[in-house]
Each structure stands twice: as structure tokens, then as C-alpha cells.
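In what follows, a single structure is set out as C-alpha cells and then discussed.
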Amino acid sequence: MTIAYLPLPADDVPPYEPWVGEPEVLAEAAVAGRRAAAWIRSLPAPPAPRPVGTWLAGALPDGVEAAMGSLDPAQCDRMGPDGRLVEGNGGVDAGATSTLTVAPCVLSDADWLTPDQHIRLMAVASITTGIARLLADDPGTAILHGLAARMCATLDHATRPDHPGLATQFEHTL
């Protein structure tokens with residue numbers, strides 16, 4: 001039997017230094033994620049127990065909250081010691097990413113929710129995965145130019161309880 005050891009990181013790799021304003025942006029994202037998760041948990045339950053109802057009450061809000069609370073710009077795309085590109089995840093684990101990416105398929109079974117609620121849930125899943133990808137692709141631009149903060153504001157807007165409704169706004173433009 002042969003044992004092959006993984007290469008150790010190079011000693012000349014500089015330690016990660018946070019971007020200016022990074023702690024504030026990450027704190028804002030965590031708060032936005034908690035509010036979005038609370039909104040999802042406040043949605044009506046299905047008239048009869050269903051797997052999608054359980055998913056909406058647990059896995060989806062938990063995934064949103066976990067993803068937004070674990071964002072990490074240090075987990076960005078980078079060059080590995082072997083010269084290959086290592087794709088970052090923005091700090092979001094594979095389980096949360098999987099939960100968020102199945103939202104479009106799962107929501108079709110949530111027929112007791114209004115079209116407005118469907119659109120808002122899609123927005124939450126999209127924004128949450130998008131902000132993680134943005135931090136993984138280009139954390140400096142996302143933080144320094146306010147892109148991450150704008151995405152958090154959009155997340156808050158989509159889940160605001162007093163929001164007139166995205167579907168209603170769309171219908172008025174037709």
C-alpha cells in the first residue's frame with residue numbers, strides 16, 4: 001500500500017487580511033439572513049402535512065440563516081499550490097448551497113403559497129447564493145464598492161412584512 005501525502009501550503013503565502021469594512025458587511029449580512037429566515041418561518045403552513053412544508057419550515061430558513069451567517073471573503077477563488085484554480089465557496093458549505101439551489105424545483109409543490117410568496121422565496125434563495133458567489137469571485141469589489149451591502153438591502157426589501165408584494169407590483173405594470 002502506498003501513502004501519498006497532500007502538499008503542505010507554501011510558507012510564503014501571506015495570511016489573509018480583511019478588506020476595509022468587511023466586519024460590518026458580514027455582520028449586516030448575518031442580520032439580513034436572520035430576518036429572511038424569520039420571514040420564511042412565518043409563512044403559512046400547508047393545509048395538510050407535506051414534505052415541502054417541512055422543508056419550508058426548517059431546511060430552507062436554516063440554510064438561508066447558515067449561509068448568510070457564514071459568509072467568508074477569505075474563502076474566495078484562488079490559485080492552489082499546484083498552480084490550479086481552487087474555486088471558493090464564499091464561506092457557505094455544500095449543504096446550505098444545495099438547499100438554496102433546489103428552491104426553484106421544490107417551490108412548485110408549495111401550491112398553498114401566493115405567487116407573491118413564491119417570488120419572494122425565489123428572490124431570497126437567489127440573493128443568498130448570489131452573495132456567496134460574489135464574495136467567492138471578487139470579495140474586494142463586493143465589499144469595497146458596496147455590492148454585498150446592496151444585495152443585503154435587496155434581501156431585506158424582499159422579506160419586509162409591510163412590503164406591498166412583488167407579484168402585485170408586477171401585475172400593476174402590465
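Hydrogens, waters and symmetry mates play no part in the numbers below; they use all other heavy atoms, side chains included.
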Inset, instruction - Given side-chain contact (heavy atoms from CB on, under 4.5 Å), test Trp55 with Val102 step by step and report yes or no. - result: CA-CA 11 Å; Trp55 181 81; Val102 310; 3.9 Å; yes
Inset, instruction - State, to 0.1 Å, how close Leu100 and Gly63 come at their nearest heavy-atom pair, and which atoms those are. - result: CD1-O, 4.4 Å
Inset, instruction - Can you see which heavy atom on Ala29 is nearest to which on Leu71, and at what distance? - result: CB-CD1, 3.6 Å
Legend entry - All side-chain contact (heavy atoms from CB on, under 4.5 Å) counterparts of Ser70, not counting sequence neighbours: Val92
Inset, instruction - Could you tell me which residues satisfy side-chain contact (heavy atoms from CB on, under 4.5 Å) with Gln75, sequence neighbours excluded, listed by chain and number? - result: Asp72, Arg78, Asn89
Legend entry - Polar side-chain atom of Trp112 near backbone of Pro44 as donor-acceptor pair, under 3.5 Å: yes
Legend entry - Gap between atom CD1 of Ile40 and atom OG1 of Thr159 - 0.5 Å precision: 8.0 Å
Legend entry - Note, Leu56 side chain near Pro46 side chain (heavy atom, < 4.5 Å): no
Legend entry - salt bridge (charged side-chain N to carboxylate O under 4.0 Å, His left out) partners of residues 142-151, not counting sequence neighbours, each pair once: none
Inset, instruction - Tell me, please, which residues at least two apart from Asp138 pass side chain to side chain donor-acceptor pair (under 3.5 Å). - result: Thr141
Legend entry - Set of residues satisfying side-chain contact (heavy atoms from CB on, under 4.5 Å) with respect to Thr114, sequence neighbours excluded: Asp116, Gln117
Name the atoms and distances for all side-chain donor-acceptor pairs under 3.5 Å in residues 121-128, with sequence neighbours left out.
| unit_1 | atom_1 | unit_2 | atom_2 | d |
| --- | --- | --- | --- | --- |
| Thr128 | OG1 | Val124 | O | 2.7 |

Inset, instruction - Return the minimal non-hydrogen interatomic distance between Val52 and Val106, and the atom names on each side. - result: CG2-CG1, 3.2 Å
Legend entry - Smallest separation among heavy atoms of Ala32 and Leu155, with atom names: O-CD2, 3.8 Å
Inset, instruction - Could you list all the side chain to side chain donor-acceptor pair (under 3.5 Å) pairs where at least one residue sits in residues 26-52, not counting sequence neighbours? - result: Arg35-Asp156, Arg41-Asp62, Arg41-Glu65, Arg50-Asp111
Inset, instruction - Please list all pairs passing the side chain to side chain donor-acceptor pair (under 3.5 Å) test where one or both residues lie in residues 95-104, with sequence neighbours left out. - result: none
Inset, instruction - Could you check if a side-chain atom of Ile131 sits within less than 4.5 angstrom of a side-chain atom of Cys152, using non-hydrogen atoms only? - result: yes
Legend entry - Same apolar cluster (I L V M F W Y, side chains within < 4.5 Å links), Met68/Val31: no
Inset, instruction - Tell me, please, which residues at least two apart from Glu87 pass side chain to side chain donor-acceptor pair (under 3.5 Å). - result: Arg133
Inset, instruction - Please identify each residue that fulfils side-chain contact (heavy atoms from CB on, under 4.5 Å) with Leu134, with sequence neighbours left out. - result: Ala142, Leu147, Met151
